Amino acid sequence: MDRRTSLIVREVCRLIIPAVMLFALYVQFHGEYGPGGGFQAGVIFAAAVILYALVHGRQKAQQILPTNTVVRFIVAGILLYAGVGVTTMVMGGNFLDYDVLLHGHQQAQHLGIFLIELGVGITVGAVMIAIFYTLDEFSE
Amino acid sequence: MIADYFNYWVVIVLMMMGFYIVISDSNLIKKIIGLNIFQTSVFILFISMSKVKGGTAPILIAETDLYSNPLPHVLILTAIVVSVSTTALGLAIIARIHRAYDTVDETAIHEQDDLQDDN
Amino acid sequence: MDIETIVNFSLLTMLALTVVVLIRMKSLLAIVLSSGVYSFLSAGLFVAMDAVDVAFTEAAVGAGITTVLLLAAISITGRRQTVSKHKRFLPLAVITITGAALIYGTLDMPPYGDPMAPIHTHVAPHYLTQSSEEIGIPNVVTSVLASYRGYDTLGEVAVIFTAAVGVLLLLGRTAKKGEHK
Amino acid sequence: MLGHLPALQVIIPLISAPVCVLITRASWAWLLATIVSIASFVIAVLLVHEVSAHGVLSYHLGGWEPPLGIEYRIDHLSAYVLTIVAATASITMVAARKSIEQEIPSEKINLFFSAYLLCLTGLLGIVVSGDAFNIFVFLEISSLSSYALIAMGRDRRSLTAAYQYLIMGTIGATFILIGVGLLYMLTGTLNIHDLQQKIPAIVDSRTLHAAFAFLTAGISLKIALFPLHLWLPNAYAHAPSMITVFLSATATKVSVYVMLRFFFGLFPPDISLEQFHLGKILLPLSIIAILTASFVAVFQENIKRMLAYSSVAQIGYMTLGIGLGSANGAIAGMVYLFNHAIIKGGLFLAMACVVLRTGSVRLEDFSGLGKRMPWTMAAIVLLGLGLIGIPFTGGFVSKWYVLSAAIEQGHWLAAVVIVGGSLLTILYIWKIIEYAYFKTPVSAKLQNLTTHEAPRQMLLPLWLLVIGNFYFGLDTSFSLGYASTAIQTLFR
C-alpha cells in the first residue's frame, strides 16, 4: 500500500471504526426490540478492532488492547454468564431462573437477559479478536 | 407438490455439494470451506422449516398474529457459532500442519507420513 | 407465483451456481471469496424466510469473520491450491446415497410454509403468545435464546470459548519452541 | 442443595475451565483439574443414590417447564455412565501430572487443562441432558476440545490425526443435527421424553425413517463403528499419553451412551428394533469390526496404535450387544462398556508410564522392560488378561454376558466371532508380553538407558484399575445390577 492510499484509508477508518463500535453497542442493547444481541454485537465490535489492526498493524492494536487483556475479557464474559446462573441458584431458584433476581417478574427477566447478553457479547468479541491476533502472529 | 418441496430439494442439493467438497478434495483448506457450505445449507433447511406462509419475522407487533417459528432461528444462531468455532480450530490445525509438513495437500502429507517410519 | 416465492427461487439458484463455480475453482483466494458470497446469499435467503436475527449473524459471521479467518489462513499457507488427484467415485457414491435418503425423507414432510405443520403447533405457539407476558420483550428470538433456552446459549458461549482455548493452545507464542518434525 | 446436583455436575467443570486459563502456575492448574474431576465423581455417586432412592430426576434449567425449556433428566442409565466417566476422569487426572509436564510446554499447561475441563464438561453435559439439541451443543464442546487436545501430541502426525478427526467428527455432528432437525420438524419438540411420547404416532412417516438413518450414521461416526472408525487409531496413537487414557475411557463410551439413549430412549426400543431394523444394521458391522480390527491389531508395531485398533474391536462387542436387540444384549453391551473403560484406560495408562520413562511405544523398544519396569509390565499382563476375557476378570464378565445374550438369541455366528475375537486378542497381548519378558534390547540406545519404574503417582492409579479389573470380575452387583435396572427401565 503506498503512502497516499494508506493515508486515505486511515482517514476513512478513523471515521468508520468509532461508528462501527457505536453500532456494536446499539446492537448489544437493542437486541430485545429488534434483531441483534450479544453475539452479533461481539462480532461487530471485533470487526472494528480487526479493521484497526489491518490498517495500522496488529502491534499497534495490541498496544491498545493487549492479548492478555483480551483473554481476561473472554474469561470475564463466560464467568458473567455462568455467574448469573450461580446467583439464581444461590437465591433459591434453578440454574438461570432469572425470576428470583428481582421482585417484579418481568423486570427480573429483563435484568437476567441484559446480563447474559452482555456476557455473550464480551466473550464473543474477545474470542474473535484473540483468534485473529493469534493467527496473524503465527503467520509472521 | 413441486412448490411445496422445491426449497427442501434445492437445499439438499446444496448440502450434498458441500459434503462432496469435504470428502473429495485433497486441499485441507478447501475441505473446511466445503464443511462450511455443508453446514450453512443445513441451516437453510432448518430456517425453511420455520417459515410460515404469510407470516412475518417473530418480533411482536400489534398489526399481526402470524409469525414464523422462532425456535429454529435460535437453534441456528447456536449452530452458526459452533460452525465458526470449528472453522477457527480447523484453520489453526492447518496452520500447524503447514509448518510441520510445508504443504496443505492431503495426498502430499500422506506421502511424507509413509516415508517417516512409525514411532 | 408471488413475489416471495420468486425471491426464494432466485436466491436458491444463485446459491447453487456459487457452489458449482466454487467446486471447479483452483485459486484458494477465489474459493474463499466465493464462500463469502455463499454466506452472504444465504443471509439474504434468511431475510426472505423471516429469520432476521439469523441473517444478521450469518452476514457478520459467515461472510465477515469466517472470510477474514480464511484469508489469514491462506496468507500463512500460500494461495495456490496444489492440484493432485481427486478421489471421485467413492465421494459421488456417498453423496448420492445421502442425498437420496434425504429426498426420500422429504416425501412425508409437511409442505413448505404450512402453518398447520406440527412444528408450528406444539411448543412454538407458547413462545409467540405467552412470551410478552412471561418475559416482556418484543423479539421472541431473544426471549427464547436468552431465557427459555438460555442454557443452550451458555453452551454456545462455552463452544466459542473452547475454540479460543484451542487456537491459543495450538498457535500461541510458545508453539515455536516445541516444534514438530 | 441435593436438588441442584444435576446442574452442578456440569456447571462445576464449566466454570473451572475459564478459571483455569487465569492460573499461571502449572501445578495449580493440574490441582484444579484434579479436584474438579473428583468433585464430579462425588456428585455422580450422589446422583446414583438419588436415582436409586427417588427414581428419575428432572431438573428444569431456567425454571421453565419442559418442553418449553431445557430439561436435565437423570435415570439409571445416565447415572451409570456419569459414574464411569467421572471415575475414570479422576483416576486419569491423579496420574496425569508428570506425564503432561513432560509432554506439554509448561506455559501452555493451564490452557491444556482448561481444554481438558471443557472436554469433561461436554461429556458430562451429553449424559445428563434430556434435550436433543442440547446434546448436540455439548457434543460439540467435547469434540472441539478433544481435537485441540489430540493435536498437542509430540509427533507431527498428531496434527493430521486431529484434523482428520475434526472433519469426520463435524460430519458426524452435522448428520446428528440433520436427524434432530427432522425429528423436530415432525413433532415440534426437542425434549427427548416428549419425543418418545410422540414418535409411535408417526412411525410410518418416511421423514422419520430418514431422521433415524441420519442419527445412526452420525452416532456411528462418533462411536467409530466400522467402517467409520478410520479417525480413531490415528487419534489415539498420536494424542498426548494422558489424553489417550482419558478419551479411550470416556469419549467413545459416551457415544455408546448416546446410541442407547437415542435408540432405546428417544425412539422406543420396539420401534428401533422392529420398524427400523437397528439390529440388522449393527450386527454385521459389529462382527466385521471385531474380526478386522483385532486382526489388524496383531500386526501393529506401535503398541498405542495396536491398543487403538483393539478399541475399535471392543466397540464392536458393545454394539454387538446392543444390536442383538434384546434387553439382555443391551445390558451386556453396558457391562462391556463399564469393564472396557477400566481395562483400556489402564492399558493406555501403562503406555503413558512407558512413554514417560523410555519415550517410545514401539514394540521392539519394549524389549527387557519386564525387568526394568516390573510393576508397569505386570499391570499390562493383568489388564491384558481382562482384555482377553480370562475368568475372574471384569473382562470375562462382560464377554460372558455378550456371549450368552448372543446364544439366547440364537446368533451362533456372533457367538463364534466373540470367541474368535478373544483368540486374536491373545495374539497381540502375547506379542507385548513376549517382547517385555523374553527379549533383550537390541539397540544400543536402549541398552544404555537406565530405565526405571514409573513414579508412584502413576503406578498407584494404574494398580487401582488393575484391582478394579479383578474386583468387578467377582462382584458384579454394581456393574451388572445397575445396568440391568437401567436397561429394564428403558425396555419396559
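Remember, predicted model here, so these are calculated numbers, not experimental data. Each chain gets a letter, A, B and so on, in the order its sequence line appears, and its residues count up from 1.
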Least distance between heavy atoms, Thr77(C) atom then Val104(B) atom: CG2-CG1, 3.7 Å

Side chains of Ile44(B) and Leu15(C) in contact at under 4.5 Å (non-hydrogen atoms): yes

Heavy-atom contact with chain C under 4.5 Å, split by part of Ile33(B): side chain

Thr78(B) versus chain C, the contacting section by heavy-atom distance below 4.5 Å: both

Interface residue of largest heavy-atom contact number with chain C, from Ile29(B), Thr40(B), Asn69(B), under 4.5 Å: Asn69(B)

Leading residue by heavy atom contact count with chain C [cutoff under 4.5 Å; candidates Val11(B), Thr87(B), Leu66(B), Ile21(B)]: Ile21(B)

Residue part contacting chain C, namely of Ser41(B), when any heavy atom lies under 4.5 Å: both

4.5 Å side-chain heavy-atom contact, Leu71(B) and Val144(C): yes

Leu91(B) versus chain C, the contacting section by heavy-atom distance below 4.5 Å: side chain

Top contributor to chain C interface from Ile12(B), Leu45(B), Leu89(B) [non-hydrogen pairs under 4.5 Å]: Ile12(B)

Test side-chain contact (heavy atoms from CB on, under 4.5 Å) applied to Ile93(B) and Val167(C), Leu170(C), Leu171(C), the passing residue: Leu170(C)

Minimum-distance pair of heavy atoms, taken over all atoms of Leu22(C) and Lys30(B): O-NZ, 3.5 Å

Nearest-0.5 Å distance that lies between atom CD1 in Ile80(B) and atom CZ in Phe46(C): 6.0 Å

Side chain / backbone / both / neither for Ser131(C) at chain B, heavy atoms under 4.5 Å: side chain

Residue selection (most heavy-atom pairs with chain B, distance under 4.5 Å) from Leu70(C), Asp152(C), Thr153(C): Leu70(C)

side-chain contact (heavy atoms from CB on, under 4.5 Å) between Tyr5(B) and Tyr112(C), intermediate numbers included: CA-CA 6 Å; Tyr5(B) 296 115; Tyr112(C) 173 76; over 6 Å; no

Chain B contact via Pro110(C) - which portion, at a heavy-atom distance below 4.5 Å: backbone

Salt bridge (Lys or Arg N to Asp or Glu O under 4.0 Å) contacts in which one or both residues fall within residues 35-55 of chain B, not counting sequence neighbours: Lys51(B)-Glu4(C), Lys51(B)-Asp50(C)

is_close_aromatic(Phe6(B), Phe9(C)), centroid dist under 6.0 Å: yes

Leading residue by heavy atom contact count with chain B [cutoff under 4.5 Å; candidates Ala164(C), Ala163(C), Ala117(C)]: Ala163(C)

Heavy-atom pair count under 4.5 Å with chain B, highest-scoring of Val20(C), Ile119(C), Thr66(C): Ile119(C)

Option from Val140(C), Val141(C), Thr142(C), Asn139(C) for which side-chain contact (heavy atoms from CB on, under 4.5 Å) with Ile59(B) holds: Asn139(C)

Heavy-atom side-chain contact between Ile76(C) and Arg99(B) under 4.5 Å: no

Atom group of Ile61(B) that falls short of 4.5 Å from chain C, counting heavy atoms: neither

pair Ser50(B)-Met49(C): side-chain heavy atoms closer than 4.5 Å: no

Atom group of Val82(B) that falls short of 4.5 Å from chain C, counting heavy atoms: both

Partner chain B: residue of Thr57(C), Asn8(C), Leu12(C) with the largest heavy-atom pair count (under 4.5 Å): Leu12(C)

Taking distance alone, no hydrogens or angles, what donor-acceptor pairs closer than 3.5 Å link side-chain atoms of residues 94-105 of chain C to residues at least two apart or in another chain?
from: Thr96(C); atom 1: OG1; to: Leu92(C); atom 2: O; distance (Å): 2.4
from: Thr98(C); atom 1: OG1; to: Val94(C); atom 2: O; distance (Å): 2.5

Part of Val32(C) within contact of chain B (heavy atom distance under 4.5 Å): both

Largest heavy-atom contact set with chain C, pairs under 4.5 Å, which of Ile32(B), Thr86(B), Leu28(B), Thr56(B): Thr56(B)

Chain B interface, residue from Thr18(C), Val19(C), Thr13(C) that has the most non-hydrogen pairs under 4.5 Å: Val19(C)

Reference residue Pro70(B); test side-chain contact (heavy atoms from CB on, under 4.5 Å); the match among Leu128(C), Asp53(C), Leu145(C): Leu128(C)

Asn36(B) side chain reached by Ser35(C) side chain, heavy atoms, under 4.5 Å: no

Between Gly18(B), Ala57(B), Gly55(B), Ala108(B), the one whose heavy-atom pairs under 4.5 Å with chain C are most numerous: Ala57(B)

Closest non-hydrogen atom pair, Pro115(C) against Val52(B): CB-CG1, 3.7 Å

Close side-chain approach of Leu45(C) and Ile47(B), heavy atoms under 4.5 Å: no

Among Ser48(B), Gly34(B), Ala95(B), residue most engaged with chain C (heavy-atom pairs, under 4.5 Å): Ser48(B)

Minimum side-chain heavy-atom gap Val54(C)-Phe43(B) below 4.5 Å: no

Which portion of Asn7(B) sits near chain C, non-hydrogen atoms under 4.5 angstrom: both

Residue part contacting chain B, namely of Ala72(C), when any heavy atom lies under 4.5 Å: neither

